[in-house]
Amino acid sequence: MFEEASEVFDNMFKSSFPLTLTFIVFLPAVLILVSPLPADAAHEFTVYRMQQYDLQGQNYGSRNAILNTEARTMEAEVLSRRCVMMRLADFSYEKYQKALRQSAGAVVIILPKNMSTMPQDIVQQFMELEPELLATETIVPVYFALEDDELLSIYSQTQASSSSQGSSSAAEVLLHSATANGFQMVTSGAQSKAVSDWAITSLEGRLGGVGGEDLPTIVVVAHYDSFGVAPWLSYGADSNGSGVAMLLELARLFSRLYSHKRTHAGYNLLFFLSGGGKFNYQGTKRWLEDNLDHTESSLLQDNVAFVLCLDTLGNGDNLYLHVSKPPKEGSPQHTLLKELQTVAADQYPEVKFSMVHKKINLADDTLAWEHERFGIRRLPAFTLSHLESHRSATRNSIMDMRSVSSSLDGAGEATAGPHVDLKKLSRNTKLIAEALARVIYNLTEKGTNGDLEIFTEQMQVQEEQLASLVDWLTTQPRAAQLVDKDSAVVSTLEYYLGRYLKDVKRHFVRADKRDPEFVFYDQLKQTMNAYRVKPAIFDLLLALCIAAYLGLVYLAVQNFGFLYGILRRVTAPRVKQH
Amino acid sequence: MTLFHFGNCFALAYFPYFITYKCSGLSEYNAFWRCVQAGATYLFVQLCKMMFLATFFPTWEGGAGVYDFVGEFMKATVDMADLLGLHLVMSRNAGKGEYKIMVAAMGWATAELVMSRCIPLWVGARGIEFDWKYIQMSFDSNISLVHYIAMAAVVWMFTRYDLPKSFRLPVTVLLGLCVYKAFLMELFVHVFLLGSWTALLVKAVLTGAISLCSLFLFITLVHSN
């Protein structure tokens with residue numbers, strides 16, 4: 001047979017060489033050239049990578065982005081170098097740790113499309129896990145995906161094939177390999193690398209007071225960035241969308257007061273939207289350095305009455321004033337504390353207002369509240385929040401998103417996870433605005449009652465305004481890694497501040513080149529392909545089957561004469577009849 | 001999947017052709033170049049068909065999922081050109097009937113295999129994604145080999161001057177079946193909503209039936225005189 005083949009080839013070469021060349025050289029070359037990597041995957045979906053950042057020299061989060069492994073679920077015996085898929089409903093820290101201990105190649109956590117359908121306890125549990133997932137660095141890539149029908153079917157098929165392993169006979173495994181599908185998970189992006197020269201933007205604006213030189217200044221601060229286990233999923237509605245919305249509303253209200261001669265007060269108001277708040281208040285830190293160390297004259301250097309930080313105020317009936325040092329009697333701080341108490345007691349009896357005292361712990365890696373940044377620079381500062389502790393999971397969770405259902409049906413419906421309750425947000429805004437106004441206009445000393453409302457009728461807090469602000473803030477993830485100086489978030493905030501305030505300025509923080517305080521990494525959002533694959537044993541099995549089939553074909557062709565003979569015998573008698 | 005999988009599909013698609021070529025005795029006649037010529041004719045005929053289709057059959061822009069019976073039937077009619085092409089190939093080769101038939105069919109089918117299945121196999125079967133359709137495609141190429149042999153035989157019988165009157169009708173019917181087989185298959189798939197494996201099976205059975213009939217006629221014709 002082979003001799004004949006070589007004879008054929010000999011003939012080919014002899015008779016027409018160029019044509020043969022075309023066949024032998026050109027055709028394979030064309031075939032190789034025109035075969036790009038096949039792109040039609042069984043399913044293509046967007047995945048969001050876990051946080052990856054360095055803060056003060058410490059590494060956090062997942063250090064890897066490349067994934068090209070076969071999928072398994074937790075039921076599988078062997079997880080090493082496999083991509084472990086978990087659903088949020090079955091997720092637990094033990095399982096996650098087990099997967100990592102078995103040196104899994106990657107972890108993909110499937111989150112439900114609508115988080116509010118999840119039971120409260122699962123959401124709560126996951127929120128508490130988020131800091132733990134980030135606390136140490138993870139070598140393998142960890143991705144989050146949003147559930148859809150295709151992904152669920154991939155998950156269930158993977159689960160079926162994972163759970164059937166190990167406990168069956170060899171024949172069953174063979175049969176199984178032919179019928180079941182495996183999935184190869186492949187991400188399209190490159191390896192994650194540090195983003196160099198990333199600028200965190202902060203915004204400042206002011207309202208100048210009247211009546212002489214050296215007026216006291218009140219600073220209102222809120223950080224606008226959000227934080228969660230995956231940057232692309234952190235919408236930060238309550239923390240700190242609510243604080244930003246409140247700050248903007250306060251800016252609007254006081255700009256109206258300051259635009260009339262009769263209500264123009266003798267206090268400077270300085271509004272500051274800080275960036276990088278979740279990364280140890282980097283924006284605030286730089287702002288203070290710029291203002292206190294590098295400038296000749298600044299509002300912050302002179303007579304600062306107090307700094308009021310707004311953090312997570314969109315829910316709850318508690319209101320805590322976090323201080324690092326209890327304010328002294330007679331200081332402006334103390335006045336505000338008293339006014340807050342008065343307003344809360346007289347106008348909003350349902351609000352439980354209290355003060356929380358916590359000393360600044362310089363030994364900690366990160367500061368607890370934003371006011372501590374000011375406290376370190378000896379500025380009188382405090383933070384208002386509805387959270388009692390800075391460790392509350394709400395402040396750093398991807399579950400902190402705007403849930404639509406609560407705003408439609410109002411109170412009474414139990415919504416899973418943190419969210420912004422607009423009624424409470426506007427009530428808190430009103431309360432703080434009233435208290436601030438009472439300080440600015442010195443109303444208590446003038447003998448006004450505690451139940452006098454200033455912000456009513458035309459001046460009232462606009463709930464729709466707050467609603468649209470919170471809605472806009474939660475339409476896009478505002479993680480510090482995603483908001484650069486050209487992003488829509490910053491420019492819109494700047495525009496908004498510019499409508500009401502004067503001297504709106506940007507401040508940038510760039511990490512030091514040699515000894516960076518913070519480093520962000522890219523590749524946080526990727527496209528993942530799930531390719532349907534079969535195990536290698538299936539290929540062997542298929543090769544055997546094909547060999548058998550070809551053998552049959554060979555036999556059939558060889559013995560064609562037999563069939564020919566039969567048919568001839570069938571037809572022969574008829575011929576004789578003619 | 002892998003290169004191995006491509007190898008599997010390739011073997012499944014090509015080896016029957018090789019086996020047929022070797023075992024039918026074509027290699028002993030040194031018919032390789034005649035087969036290549038038949039393949040070249042195939043290319044020429046396909047080109048003409050395409051030109052014809054592109055010129056006279058505008059793209060039908062009907063709603064999705066609607067089957068254009070008349071249009072498809074007309075397009076299938078253009079496949080008559082295949083018959084002409086096969087006839088052309090056979091008329092240029094001198095020799096015994098079987099030899100002419102086999103050369104024409106082998107060349108024709110191999111050219112089709114190379115032209116329409118090689119690249120999809122190379123691109124598809126080598127990819128990461130596994131799909132049964134490449135195995136099915138390879139089986140399909142085996143079926144089409146049988147189909148073209150039967151078709152060439154029917155064309156050969158049709159063009160014989162000494163074809164008995166009684167044979168005229170069945171041979172014409174078979175010719176029609178050969179030409180409209182693809183159209184019939186599409187119709188089946190569309191009407192009965194066949195799965196890909198069932199469709200393949202139906203195709204195999206249909207082709208087997210046509211070939212058996214043509215073989216029967218061929219034997220009767222060859223040995224009747």
Side-chain angles (χ1 to χ4, degrees), chain A residues 1 4-5 7-9 11-12 15-16 19 23 27-28 30-32 34-42 68 181-182 184 186 529-534 536 538-540 542-543 545-547 549-551 553-560 563-572 574-575 578, chain B residues 1-24 26-28 30-33 35-36 40 98 114 118-132 135 138-139 142 145-146 164 212 215-225:
Chain A
M1 218 152 117
E4 284 168 1
E7 201 175 298
V8 166
F9 277 101
N11 276 338
M12 276 166 63
S15 46
S16 75
L19 196 67
F23 269 95
L27 204 64
V30 167
L31 285 179
I32 288 165
V34 299
S35 59
L37 279 178
D40 51 334
N68 188 350
N181 284 317
Q184 183 90 4
V186 181
N529 292 311
Y531 293 101
R532 198 173 286 124
V533 292
K534 296 276 184 188
F538 171 77
D539 268 341
L540 286 174
L542 195 65
C545 292
I546 288 172
Y549 170 79
L550 291 177
V553 168
Y554 181 73
L555 282 179
V557 174
Q558 277 286 2
N559 298 314
F560 186 71
L563 178 69
Y564 194 92
I566 289 178
L567 277 176
R568 195 176 166 186
R569 248 174 282 136
V570 172
T571 53
R574 263 215 238 150
V575 179
H578 275 281
Chain B
M1 290 253 297
T2 50
L3 196 63
F4 191 53
H5 186 64
F6 170 73
N8 273 341
C9 292
F10 191 83
L12 184 56
Y14 278 78
F15 270 74
Y17 284 72
F18 188 70
I19 292 170
T20 316
Y21 181 78
K22 283 293 162 195
C23 298
S24 61
L26 282 184
S27 55
E28 286 153 33
N30 235 340
F32 186 81
W33 279 108
C35 284
V36 173
E98 300 97 292
V114 170
C118 219
I119 291 174
L121 272 188
W122 176 257
V123 174
R126 238 171 18 109
I128 309 174
E129 176 90 358
F130 173 80
D131 204 317
W132 281 108
I135 296 284
S138 310
F139 271 122
N142 296 357
L145 173 65
V146 177
L212 264 183
L215 180 67
F216 188 79
L217 285 175
F218 179 81
I219 291 171
T220 324
L221 187 63
V222 169
H223 298 280
S224 61
N225 36 23

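Numbered from 1 within each chain, the chains take letters A, B, ... in sequence-line order. Basis for what follows: all heavy atoms, side chains included, without hydrogens, waters or symmetry-related copies.
Within the 4.5 angstrom heavy-atom criterion, atoms from both the backbone and the side chain of A:Tyr564 approach chain B. For B:Phe139, the part lying near chain A is the side chain, with the backbone staying farther off; criterion is any non-hydrogen pair under 4.5 Å. Looking at A:Leu540, both its backbone and its side chain come within 4.5 Å of chain B, counting heavy atoms on both sides.
Here the shortest heavy-atom pairing between A:Val557 and B:Thr20 reads CG1-CA, 4.3 Å. For the residue pair B:Cys23 and A:Gln558, the shortest heavy atom distance occurs at SG-NE2, 3.7 Å.
Note that CD1 of B:Ile135 is 4.5 Å distant from CD1 of A:Ile546, once rounded to the nearest 0.5 Å. How far CD1 of B:Ile19 is from CG of A:Leu555: 9.0 Å, rounded to the nearest 0.5 Å. Rounded to the nearest 0.5 Å, atoms CG (A:Leu542) and SG (B:Cys9) are 7.0 Å apart. Rounded to the nearest 0.5 angstrom, A:Lys534 NZ and B:Trp132 CH2 are separated by 6.0 Å.
Other residues, nucleotides and ligands place no more than 12 heavy atoms under 6.0 Å from the CZ atom of B:Phe15.
Between the side chain of B:Asn8 and the backbone N or O of A:Asp539, at least one donor-acceptor pair lies under 3.5 Å.
Considering A:Leu567, A:Leu563, A:Ile566 as possible partners of B:Ile219, the one that fulfils the side chain to side chain contact (heavy atoms under 4.5 Å, CB included) test is A:Leu567.
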With side-chain contact (heavy atoms from CB on, under 4.5 Å) as the criterion, how do B:Phe216 and A:Val570 come out once you've worked through the C-alpha distance, each side chain's angles and the decisive distance to 0.1 Å? CA-CA 9 Å; B:Phe216 188 79; A:Val570 172; 4.2 Å; yes

